[in-house]
Amino acid sequence: MFAKIIIDQDAKALDREFEYIIPEGMQVLVGERVLVPFGPRILQGFIVGITEKSEFDASKLKPIKEKIEDFAVIKPEMLSLMFHMADKLHLKLASCLRMFLPSEMRTDKIKELVVHFCRLAENFEMPSAKAKKQIEVVEFLKQNGREKRSVLAEKFGASAVAALIQKGVVILEAEQVDRVPEFDVLKSEKKQLTALQQRAIEEISENKTYLLHGVTGSGKTEVYMNLIERELGKGKTALMLVPEISLTPQVLANFKARFGEQVALIHSGLSAGERFDEWRRIFFGQARVVVGARSAIFAPIENLGIIIIDEEHEQSYVSESNPRYDTHDIAAFRRSYNNCALVLGSATPQLESYAKAIDGEYQLVEMPVRVNGLEMPKITVIDMLMEMRHGNNNIFSIPLMVELKEIVKAKKQAMIFINRRGFSSFQRCRNCGYVAKCSDCDVSLVYHRFENRLKCHYCGKRFHALDVCPSCGSSDIKQGAIGTERVVEELHKMFPDVPVFRMDNDTTSVKNGHRKILNEFRSAKPGILVGTQMIAKGHDFEDVLLVGIVDADQSLFQSDYRSIERTFQLITQVAGRAGRSANQGKVFLQTYSPRHYVYRFAANYDYKGFFKREANLRKVTKFPPYARIVRILFSHEDEKVVAQECKECYEKIKEIKEKNAEDFVYLDVMKAPVNKIKNKFRYQILMRFTLENADALEKQIYDSVDKKAKSSIFFEINPNNLS
Ligand code: ADP
Ligand code: ZN
Ligand code: ZN
C-alpha cells in the first residue's frame with residue numbers, strides 16, 4: 001500500500017503530494033501525521049490519500065518512518081477544505097493544513113497537562129505521632145478524599161507529602177486536566193424575546209446564508225444564542241465568530257453563562273497550553289459551541305448546525321498575512337459541506353454582503369429598531385473649522401466639552417474615539433519639512449509620548465524622538481495630528497479626578513489586557529474610555545451616554561476604494577455604543593468636511609440610502625463588488641531581483657490583457673506604496689477587471705506567476721489594504 005503525503009514545509013517546491021510506502025504492519029488512516037524521510041532529513045507530513053497502486057516506480061519510493069499520533073488529526077471536512085483553499089485561494093497545501101492545528105502541536109513543545117492527585121491507600125498505617133505534619137495530611141485526606149499534590153505540599157510541606165507517598169500511605173494518581181482560559185461569567189438570564197428577535201429567529205430556519213441587518217443595540221447576541229440553543233437541541237453544534245479578542249470577554253461571558261462547559265474559546269490571546277487544550281476539547285467532541293476570532297473558523301468541530309459571523313463587516317475577518325484568506329469564503333465552504341445555516345450579522349454590513357442580499361443570494365433578515373424601542377443616539381456633526389474660527393484650538397469642540405462636563409457631573413460614562421494610537425502621528429520639522437522615517441520600512445514613525453520614542457507601526461522598531469531636525473538642524477519640531485495618548489492627557493487636564501482609560505494596541509498587548517481595561521472602566525463612574533477602533537466593537541455598557549468622535553475624517557481620505565464605506569461603518573458602530581439601556585445617548589462627530597455625504601447618511605442612520613449611493617458609485621467607476629481587483633505583491637531583499645521578477649510577470653499579464661481587452665479596466669506595475677518593510681523591497685502589479693470572465697482570468701493570471709521566482713509572491717483578491 002502507498003500513502004500520498006503532503007510535507008509540512010512552507011515551500012513552493014514541496015507544494016504537492018509525495019508518495020511513500022506504507023510499511024508492512026503499520027496501520028495508517030487518511031488525515032494522520034507521520035514522519036517521513038525526505039532527502040537527508042526526516043520531516044513531518046500529512047497523509048491525504050491511500051492507494052494500492054503507485055503511479056511511480058515503487059522501487060524508488062521510501063517507506064514511512066513512523067506515526068506521530070494514533071489518530072487522524074485532519075478530519076475529512078478539513079481535508080476537502082484544504083483542497084478547496086489551495087484551488088480557489090491559490091494557497092500552498094501545507095500552509096492550509098497548518099491553519100487546522102494549534103501551531104504548538106507541530107513543534108512538539110506542548111504536552112497534555114498532567115496533574116498528580118493524592119489519596120489514601122486502602123489499608124494504611126498511621127504515621128507516628130511525632131510526624132505531626134504527616135498526620136495532618138492524613139486527616140485532611142480522610143475529610144476531603146482526594147487533593148492535588150501541589151495543594152497538599154503548599155499546605156503541609158512537600159517533605160511530609162513525599163514521606164507519606166514513599167511509605168505507601170498516600171497513593172499518587174496522574175490525571176490529564178484541561179487548561180481552561182480565564183473568563184468572566186456575567187449573569188445572563190434568558191430574556192423574553194422581543195417581537196423582532198422572535199421573527200428573526202423564525203426566519204432563520206433553513207440551511208441557507210442569512211444577512212442579519214440589525215441596528216446597534218437591536219439584540220443580535222440574544223438572537224445568536226437562541227439559534228445556537230435550537231441547534232444544540234437537535235444534537236448539532238455551533239460555531240460563532242467575533243471580530244477581535246477585545247470583544248470576546250463580554251460575548252464569552254454571556255456564552256459561558258448560557259452554555260457552560262460546552263463552550264470552547266479560540267483566539268490569539270490564549271497561552272499555547274490553553275489553545276491546545278481547547279482544540280482537543282473541540283476535536284474530541286466535548287465542546288459543542290466554539291466561540292472565537294478569525295482563526296476559529298478552522299476549528300475541528302463536526303456536525304455543524306449553524307455558523308455565525310458577528311459584525312461581519314469587520315476587516316479583521318480578512319487575514320492579510322500568509323496564508324491570505326477571507327473568513328467569509330471559508331465559512332461558505334463549511335456551510336455547504338455541513339449543509340447548515342450561515343448567519344452574517346451586522347448593523348453596517350459590508351457592501352458586498354448587502355449587494356448579495358439584494359440579489360437574493362443571501363436572505364435578508366432585518367431588525368431596524370433597538371430593544372425596548374429605545375431611540376438611536378442623536379448624532380451631531382460639528383464643523384471644526386468653525387470652531388477654530390471662533391477661537392477654539394482645543395482637541396474638543398465646545399459642545400463636546402459641555403457634554404463631557406455633564407457626564408462627569410451625573411457620574412455617567414463617555415467614550416472618546418480617535419483613530420490613531422500614540423501621542424501624535426509623526427514629528428515634522430517646520431523649517432524644512434523633514435519627517436522621521438523607519439530605517440527598515442518606508443513609512444513615517446509615530447511619536448509615543450509615554451516612552452518618548454518614535455515607533456514604526458509596521459515593524460515595531462523604536463527610535464529616539466527628534467529634538468533637532470537631522471536634516472537642517474532646526475529645533476522647530478511640530479507634532480502632527482493627535483493620537484490616543486494626547487487625548488488622555490487633555491482629559492486629565494480637564495478632569496483631574498476622573499478615571500480615564502486608554503484602549504489601543506499599546507495598552508492591550510499584554511495577556512488579558514482588553515479584559516482588564518474594560519472591567520475597570522465598567523465600574524468607573526464617572527469614567528471616560530479613550531480608544532481606537534477597538535472601542536467601536538460590540539461593547540455594551542449601560543452607562544455610556546456620550547460618544548465623542550474626535551477626528552472623523554481620519555479614515556475618510558485614504559486612497560482606498562473602501563474608505564468611505566469604512567468611515568460610515570466606524571461612525572455607526574462607535575455611535576452605537578451610546579445610550580444602550582434606559583437613556584438616549586448623544587454623539588458628537590467632529591470633522592473638517594461636515595458636508596460630506598457620508599456624515600449625512602451616518603447621522604441619520606440611513607444605511608440603505610448610503611448603500612444606494614455608494615453602490616452606484618462603485619458600479620459606475622467599476623470597483624468591487626462590481627469588478628475584481630487583483631494585486632500581486634513581490635517582496636525580496638534585493639531591489640533589482642524583485643523589480644525584475646515583477647516586471648517579467650507584468651509582461652505576461654499584459655499579453656493576457658491584450659487577448660481580453662474588453663474585460664480589463666486597469667493594469668499597471670509599480671513600487672508598492674510602502675516600498676520597503678523589514679528591509680524587504682516591495683513591488684506590485686495591480687489590475688482590475690469586470691466580473692464576466694473574472695474567475696477564468698484570475699486563474700490564467702495566477703498560472704502566469706513564475707513558481708520558481710526568488711521573491712516572495714502574494715496573490716490578493718480585492719485586498720483590504722493596499723500599503
Ligand atoms: P447588538 O449586538 O444588536 O448591538 P446586543 O445583543 O448587545 O445588541 O443587545 C443590546 C442590549 O439589549 C444588551 O444589553 C442586551 O442584554 C439587551 N437585550 C437584548 N435582548 C433583549 C430582550 N429581549 N429584552 C431585554 N433586553 C434585551
Ligand atoms: Zn529640518
Ligand atoms: Zn519599520
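This structure is a prediction, so every number in the text was calculated from the model and none was measured. When a ligand or atom number is given, it counts from 1 through the structure's own listing order.
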- Message: Do Glu387 and Ile382 make a side-chain contact, defined as non-hydrogen atoms from C-beta onward lying under 4.5 Å apart?
- Response: yes
- With atoms numbered from 1 as shown, which atoms in ligand 1 lie under 4.0 angstrom from a non-hydrogen atom of Thr216? 4 (O)
- For ligand 1, is any non-hydrogen atom under 4.0 Å from Leu193's backbone (N, CA, C, O), its side chain (CB onward), both, or neither? backbone
- Task: Using the ring of Phe601 (Phe, Tyr or Trp, six-membered ring only), decide whether Arg613 places NZ or CZ under 6.0 Å from its centre and within 45 degrees of its axis.
- Result: no
- Below 4.0 angstrom from a heavy atom of Gln192, which ligand 1 atoms are there? Numbered from 1 as shown, please. 22 (C), 23 (N), 24 (N)
- Query: Taking non-hydrogen atoms only, is Gln197 closer than 4.0 angstrom to ligand 1 via side chain, backbone, both or neither?
  - Reply: side chain
- Do His328 and Gln350 have side-chain atoms, one donor and one acceptor, less than 3.5 Å apart? yes
- Message: If we only consider heavy atoms of Ser218, is any one of them less than 4.0 Å away from an atom in ligand 1?
- Response: yes
- Note on the structure: Short version for Asp310: what comes under 4.0 Å of ligand 1, heavy atoms counted, is neither
- Which ligand 1 atoms are under 4.0 Å away from a heavy-atom of Thr221? 2 (O), 5 (P), 6 (O), 7 (O)
- Message: Are any of the N/O atoms on Arg577, whether in the backbone or the side chain, positioned under 3.5 angstrom from an N/O atom of ligand 1?
- Response: no
- Task: Within a distance under 4.0 Å of any heavy atom of Thr194, pick out the atoms of ligand 1 and give their elements.
- Result: 23 (N)
- Message: With no hydrogens and no angle check, just 3.5 Å: does a side-chain donor-acceptor pair link Arg566 and Gln315?
- Response: yes
- Message: Quick check on Val223 - does any of its heavy atoms sit under 4.0 Å from an atom of ligand 1?
- Response: no
- Lys208: side chain to side chain contact (heavy atoms under 4.5 Å, CB included) partners, not counting sequence neighbours: Glu206, Tyr210, Gln363
- Query: At a non-hydrogen distance cut-off of under 4.0 Å, which region of Arg580 contacts ligand 1 (side chain, backbone, both, or neither)?
  - Reply: side chain
- Task: Answer with side chain, backbone, both or neither: which part of Lys220 has a heavy atom less than 4.0 angstrom from an atom of ligand 1?
- Result: both
- Task: Could you say whether the N/O atoms of Gly217 and ligand 1 ever approach to under 3.5 Å?
- Result: yes
- Task: Go through the steps for Phe298 and Tyr325 under the test ring pair (Phe, Tyr, Trp, His ring centres under 6.0 Å), then give the verdict.
- Result: CA-CA 12 Å; Phe298 299 113; Tyr325 64 90; 5.1 Å; yes
- Check ligand 1 against Val215 and write out every atom of the ligand that is under 4.0 Å from a heavy-atom position of the residue. 3 (O)
- Message: Please check if the number of heavy atoms outside Glu542 that lie under 6.0 Å from its CD is greater than 12.
- Response: no
- Residue set satisfying ring-ring contact (aromatic ring centres under 6.0 Å, His included) with Tyr626, at least two apart, ordered chain then number -> none
- Message: Below the 3.5 angstrom mark, is there an N/O of Gly219, backbone or side chain, next to an N/O of ligand 1?
- Response: yes
- Query: So Phe611 and Tyr607, would you call those rings parallel, tilted or perpendicular, with 30° and 60° as cut-offs?
  - Reply: parallel
- N/O of Glu222 under 3.5 Å from N/O of ligand 1, yes or no? no
- Message: Return the CG to CD1 distance between Leu232 and Ile306, rounded to the nearest 0.5 Å.
- Response: 10.0 Å
